[in-house]
**Student:** 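So that we are looking at the same thing, I have put the structure below in structure tokens.
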Amino acid sequence: MPGTDPITTSVTHQDGVAVVAVGGDVDVATVAALEASITDALAAKPTALVIDLSDVDFLASAGLQTLVATNEAVSKTTAFAVVANGPATSRPIQLTGLDSVFSLYSTLAEALAAVGAASQN
């Protein structure tokens, strides 16, 4: 598909919190881009990591596995949260029970407030 990327990612830092914003489809063909962005975000040793899936249209099991692996890798040293506000993202997370594994928020502002408070403890 020339001209259209199936996935977009960006990394920003806000008050020591790394935010990985993702758009498009997260599946086996695109998950490496998400993993690379997470690695980039963690290079700065943030106090917290938020993965924002607000603009994701499709979240496959490969994406879910990446979220779990990231949570396992950072949870001892870094607060971790996921923003998922639509049926394409929040539903698979909730159906698989992953919302009990990591913190799930419907807005980036909620997630930032939560991880900001968690990283101060």
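Along the sequence shown, residues carry numbers from 1. Any value given below was found using the heavy atoms of this structure, including those in side chains, with hydrogens, waters and symmetry copies removed.
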**Student:** Please answer: with hydrophobic residues joined when any side-chain heavy atoms are less than 4.5 Å apart, are V22 and F102 in the same cluster?
**Tutor:**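 Yes; tracing contacts between hydrophobic side chains, which count when under 4.5 Å, links both residues.
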**Student:** When rounded to the nearest 0.5 angstrom, what is the spacing between CG in D25 and CG in D5?
**Tutor:**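 That separation rounds to 11.5 Å.
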**Student:** Taking only residues two or more places apart in sequence, or in another chain, which ones meet E72 in a side-chain contact (heavy atoms from CB on, under 4.5 Å)?
**Tutor:**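 Applying side-chain contact (heavy atoms from CB on, under 4.5 Å) to E72 gives V68.
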**Student:** Checking side chain to side chain contact (heavy atoms under 4.5 Å, CB included) for the pair D40/T9: CA distance, chi angles, key distance, verdict?
**Tutor:** CA-CA 11 Å; D40 289 349; T9 62; over 6 Å; no
**Student:** Which heavy-atom pair separates I7 from A33 by the least distance, and what is that distance?
**Tutor:**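 Taking every non-hydrogen atom into account, CG2-CB, 3.9 Å.
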**Student:** Same cluster or not: are L98 and F80 linked, directly or through other Ile, Leu, Val, Met, Phe, Trp or Tyr residues, by side-chain heavy atoms under 4.5 angstrom apart?
**Tutor:**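 Yes, one cluster joins them.
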**Student:** Would you kindly confirm whether V74 and L112 end up in one hydrophobic cluster when ILVMFWY residues are joined by side chain heavy atoms under 4.5 Å apart?
**Tutor:**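 No, no single cluster joins them.
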**Student:** Listed by chain and number, what are the side chain to side chain donor-acceptor pair (under 3.5 Å) partners of S54, not counting sequence neighbours?
**Tutor:**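 Partners of S54 by the side chain to side chain donor-acceptor pair (under 3.5 Å) criterion, ordered by chain and then number, come out as D52.
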**Student:** What distance do L64 atom CG and T89 atom OG1 have between them, rounded to the nearest 0.5 Å?
**Tutor:**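 Nearest 0.5 Å value for the CG-OG1 distance: 10.0 Å.
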**Student:** Identify the heavy atoms of L49 and A41 that sit nearest to each other, and give their distance.
**Tutor:**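 Scanning both residues, the minimum pair turns out to be CD1-CB, 4.0 Å.
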**Student:** Taking V11 as the starting point, is it possible to reach L53 by hopping between hydrophobic residues whose side chains are less than 4.5 Å apart?
**Tutor:**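 Linked within one cluster.
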**Student:** What are the two closest heavy atoms between A44 and H13, and how far apart are they?
**Tutor:**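 Shortest heavy-atom separation between A44 and H13 comes out as CB-CE1, 3.7 Å.
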**Student:** Locate the shortest heavy-atom distance separating G63 from V26; write the atom from each residue and the value.
**Tutor:**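 Taking G63 first and V26 second, the nearest heavy atoms are CA-CG1, 3.6 Å.
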**Student:** Is there a donor-acceptor pair under 3.5 Å between the side chain of S37 and the backbone N or O of V20?
**Tutor:**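 Here the side-chain-to-backbone pair does not exist.
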**Student:** How far apart are the closest heavy atoms of V83 and A111, and which atoms are they?
**Tutor:**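 Reported closest heavy-atom pair: CG2-CB, 3.6 Å.
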**Student:** Establish whether L42 and V115 are linked, either directly or via other cluster members, by ILVMFWY side-chain heavy-atom contacts under 4.5 Å.
**Tutor:**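 Looking at the clustering, V115 is in a separate group from L42.
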**Student:** Between A81 and Y105, what is the shortest heavy-atom contact and its length?
**Tutor:**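 The answer is CB-CE1, 3.6 Å.
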**Student:** List in chain and number order the residues that pass side-chain contact (heavy atoms from CB on, under 4.5 Å) with S75, two or more places apart in sequence or in another chain; answer none if no residue qualifies.
**Tutor:**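 S75: side-chain contact (heavy atoms from CB on, under 4.5 Å) contacts with N71.
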**Student:** CG of L104 to CD1 of I93: how many Å apart, nearest 0.5 Å?
**Tutor:**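 Going from the CG atom of L104 to the CD1 atom of I93 covers 5.0 Å.
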**Student:** Using the rule side chain to side chain contact (heavy atoms under 4.5 Å, CB included), only one of L59, I51, I38 pairs with T66; which is it?
**Tutor:**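 That would be I38; it is the only one of L59, I51, I38 passing the side chain to side chain contact (heavy atoms under 4.5 Å, CB included) with T66.
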**Student:** Does T47 use its side chain to pair, donor to acceptor, with the backbone of G16 at less than 3.5 Å?
**Tutor:**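 Yes.
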